[in-house]
Amino acid sequence: MIRIATWNINGVKARIENLCQWLKDASPDIACLQEIKSVDEAFPRGEIEALGYHVETHGQKGFNGVALLSRMRPDEINRGLPGDETDEQARFIEGVFTIGPRAIRVCSLYLPNGNPIDTEKYPYKLRWMDRLRTFATGRLQLEEPLILAGDYNVIPEPIDCHDPAVWANDALFLPQTRSAFREQENLGLTDALRATTAAAKIYTFWDYQAGAWQKNNGIRIDHLLLSPEAADRLLSVAVDKHVRAWEKPSDHVPVIGSFDF
DNA sequence: ATGGTCGATATTCGA
C-alpha cells in the first residue's frame, strides 16, 4: 500500500516540529507540502532527510512555495506550472516516481487564493486554473496514475463549508471558481475524498480567527484529484484532523490517500 | 465590538 498526502503547512520554519512529528506518526510515502514560505536554501531539509525522506522544493522569499517529500528518490522533478513564463510565484512542483512496475506522477500545487475579488488577484486565480486544466489535459493523455494534490483554495460544494452564506462572495466559493473546478473534474479527474465519502462537514481548514476551530467553522479546500489510473487503485482517504489541535498548528490539516499500487 | 490571528518580514502584507 502506498500513501500519498497533501498538507498546507503555513510556513516550514514555524512548523518543522509539527511536520516531523506528523511524518513519524503518519509515515506517508509521498507528502506534498504547500506554503513553505521559504527559499530553497533555507528549507530545513536535514531534519526531514533524517526521517528517511528525499526533499524537493520550489520556494520563494516570504510567501507561497511547495515541496515534495518522498520515501523513494524521484526519477524526474519539474518546477512551475507551464503556460505563463512571466509568472514568478512558486506554486507548483511535479515528481515522477517508480513504484513497482509503474511510473506515478504526483504534483504539489498551491492554487491562488484570489481574494479580494475586485483586484487583479481573482483573474490571476482563474488564469491559473485554466493553465492547470491545460496541464492536466496533457498529462491525462499519458494514461498513467496521476495525483494532483494540494491547496486548491476551492470549496467545491455548499456541503464543504460550515456556512455557505458567509462564503457567497468569496473567491473560494464564487460560481466561476466552482465551475472551473468542475471543469477539472470533467476532464476525468476524481475528487478522492468525495469519491470515498459523500458525508458533509468534512473540513481541511479552520481559520485562526474568531475560534473557528472550536466552533468547527471549517472549509474543505485541500484536495487530491486523481486520473482514472489512480482512482481505480484508491482504497481510502483520511483527514488528519487531530493535528489542528496540536500546539502551534497550521490552519490546514493533512489529507492522505491510500492506494494499492 | 466594525475587531478577531498567524507567519515572514519589516514596522506591512498575504491569508
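Naming: A, B, ... by sequence-line order, numbering from 1 per chain.
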- Item | Protein-nucleotide distance (A:Phe43, atom CZ; B:dG7, atom P), rounded to Å | 16 Å
- Message: From the set B:dG7, B:dA15, B:dA10, return the single nucleotide nearest to any side-chain atom of A:Gln209.
- Response: B:dA15
- Task: Provide the distance between the two P atoms, one in B:dC13 and one in B:dG3, to the nearest whole Å.
- Result: 16 Å
- Answer yes or no: does a side-chain N or O of A:Lys37 lie under 4.0 Å from OP1 or OP2 of B:dT9? no
- Query: To the nearest Å, how far apart are A:Asn8 CG and B:dA15 P?
  - Reply: 11 Å
- Query: DNA chain B: A:Phe205 or A:Val12, which has the more 5' nearest nucleotide?
  - Reply: A:Val12
- Task: Would you mind reading off the distance between A:His252 atom NE2 and B:dG14 atom C1', rounded to a whole angstrom?
- Result: 12 Å
- Keeping the roles fixed (side chain from A:Thr57, backbone from A:Gly59), state whether a donor-acceptor pair exists under 3.5 Å. no
- Task: For the pair A:Thr190 (side chain) and A:Ala192 (backbone), establish whether a donor and an acceptor sit closer than 3.5 Å, ignoring hydrogens and angles.
- Result: no
- Does a side-chain N-to-carboxylate-O contact under 4.0 Å join A:Arg79 and A:Glu56? yes
- Nearest-0.5 Å distance, OG1 of residue A:Thr204 to OH of residue A:Tyr152: 12.5 Å
- Note on the structure: Among the nucleotides B:dG7, B:dA15, B:dA10, whichever has the atom closest to the side chain of A:Ala14 is B:dG7
